[in-house]
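Have a look at the structure below before the remarks.
Throughout, a chain's letter reflects where its sequence line sits, starting with A, and its residues are numbered from 1.
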Amino acid sequence: MLQLNTIREHKDEVLKGLAKKHFAKAEEIINKIIEADATRRQAQKDSDNLKSEANTISKQVGELMKAGKKEEAEVVKTKTAELKEKEKQLGELLAEKEKEIQDLLCLVPNLPNEKVPAGKTPEENETVYKHGEIPTLHAAAVPHWDLTTKYDLIDFELGVKITGAGFPVYKGKGAKLQRALINFFLDRATAKGYREIMPPLMVNEASGFGTGQLPDKEGQMYHATIDGFYLIPTAEVPITNIYRDVILKESELPVKNCGYTPCFRREAGSYGKDVRGLNRLHQFDKVEIVQIAHPEKSYEILEEMKEYVAGLLQDLELPYRILRLCGGDMSFASAMTYDMEVWSAAQQRWLEVSSVSNFEAFQSNRLKCRFKGADGKTQLAHTLNGSALALPRIVAALLENNQTPEGIKIPKVLVPYTGFDIIN
RNA sequence: GGAGAAAUGGCAGAGUGGUCUAUUGCGGCAGUCUUGAAAACUGUUGUGGGUUAUACCACCGGGGGUUCGAAUCCCUCUUUCUCCGCCA
């Protein structure tokens, strides 16, 4: 959520930023916000003045009663009737305008950083880095959904029986490989100074709002309606919400947390190759890294997080590229996003395995996550997060790229975690 | 699931209808003293709205109500604690 101050004082820059994000009704909504804000402030002032007057009268009544002048007190009391009526009306106007402003603010996406390219579609994303050789596979090479069946690693149909499409069952070495990857990612993150968190997998509405899933992206999450809880679509939600309504000390920044969780996504609308096998699931595993940063340091930290994730891909010996997303392809809440994609040799395409973003103060304004500076003033912190990493597409690429006639080779760094170096 | 008790500032903990503009202690910050530190003493110390700045307004778990006036009384929700039941 953008800050009212920013909109009020830097309207032109806000409109320019929103244009880069291809946000359609920017001018109309921003004007409505400014107007409602002006009305609200006037009503606030009027209401405060009435309350002040009423407070004075109440004190008078108190003093008169104490002095035993009951009749005079009764006379003074009657003065408040009109005040109360006016105050009630203003109170209603105030609440109405506050809600209007809040609802409108929720519609406005974050402003992109200057460096974000201006494009609209994924084709216009900027490739900032490429690493690794595109492997050439042997003649009998097949996509991962055939490999998982051949070696009995993942059973998609069994998942359909137990739950539904998109809920795979991992078996034997397939399950062990999941566990190995999770441990490898967590060990790396904690070695890099991230504190490991094991959060709840269901969150309440306030948490969903804090990180921006609610109210507008409600359909993305599974909803346990009886209790009003949502299954988390990413560990970002519970881990970032640790800092909802928190005022940190400046010396505590940056706060670095990581966590492994299963992630649940309802996703709709895709078909065919895009959703085949491990490409898109309703439940998948992911290790997430989250930082709360000083505003002056957040872009430095974004680069550091990007490099960290790139290092993981390098150690897994996967060819990858890093994209800086263009304005039109970025998420609602992000100010700058790097996507990491690995090459999937049998599918002959790039698969997104990580997304590292700086949200600047957009999330923290919703979360009310602040820090107190040396000058004693509180200000909003910046939040950042990234997948490090999402497992399914990593597994897809590992299986496909490393397949040989003898079996699937496991990258060296994982062998201590799997206990085997080949799947055959 | 049943019965009872409770929720107050960073923490502890007073306050049960009228200078509460929230007592006090601890902690934090600044100062005095000191070569420096500790101790002692003095001052200061929440969040949000609003104003050029003051004034001013709101906030005692959340929401609603009674009253001229609510931390205090009433309703409701949430959470915590104690006891009982069930349970991996």
Determine the Euclidean distance between corresponding C1' atoms of B/rU44 and B/rA37; express it in Å to zero decimal places. 22 Å
Candidates B/rU47, B/rC56, B/rC68 - which lies nearest the side chain of A/Lys372: B/rU47
When you measure from the side chain of A/Thr378, which nucleotide among B/rG48, B/rG49, B/rG18 comes out closest? B/rG48
Side chains of A/Pro168 and A/Leu281 in contact at under 4.5 Å (non-hydrogen atoms): yes
From B/rC56, B/rG49, B/rG50, pick the nucleotide closest to the side chain of A/Ser52? B/rC56
Nearest to the A/Lys45 side chain among B/rC57, B/rG50, B/rG69, which nucleotide is it? B/rG50
Is the NZ or CZ atom of A/Lys173 both under 6.0 Å from the centre of the six-membered ring of A/Tyr151 and within 45° of that ring's axis? no
Gap in Å between the two C1' atoms, one belonging to B/rA71 and one to B/rG9, rounded: 13 Å
Rounded to whole angstrom, note down the C1' distance from B/rA30 over to B/rG15. 30 Å
Complementary nucleotide of B/rU32, counting Watson-Crick and G-U pairs under 3.5 Å: B/rA40
Could you tell me how far B/rA55 sits from B/rG46 if I compare only their P atoms? Round to whole Å. 14 Å
Under 3.5 Å donor-acceptor pair, A/Asp48 side-chain atoms to B/rG49 base atoms: yes
Would you verify whether the NZ or CZ of A/Arg265 falls within 45 degrees of the ring axis of A/Phe284 while also being under 6.0 Å from that six-membered ring's centre? no
Determine, step by step, whether A/Glu196 and A/Thr190 satisfy the side-chain hydrogen bond (donor to acceptor under 3.5 Å, both in side chains) criterion, reporting the C-alpha distance in whole Å, the side-chain angles of both residues, the deciding distance to 0.1 Å, and the verdict. CA-CA 7 Å; A/Glu196 186 175 342; A/Thr190 50; 5.4 Å; no
A/Arg370 has its side chain closest, among B/rG49, B/rG48, B/rG18, to B/rG48
Can you tell me if A/Glu87 uses its side chain to pair, donor with acceptor, with the backbone of A/Lys51 under 3.5 Å? no
Length of the line joining A/Leu4:CG and B/rG50:C1', which is rounded to integer Å: 14 Å
From B/rU47, B/rA58, B/rU21, nucleotide with atom closest to A/Ile247 side chain: B/rU47
Picking from B/rC68, B/rG50, B/rG49, which would you name as closest to the side chain of A/Gln44? B/rG49
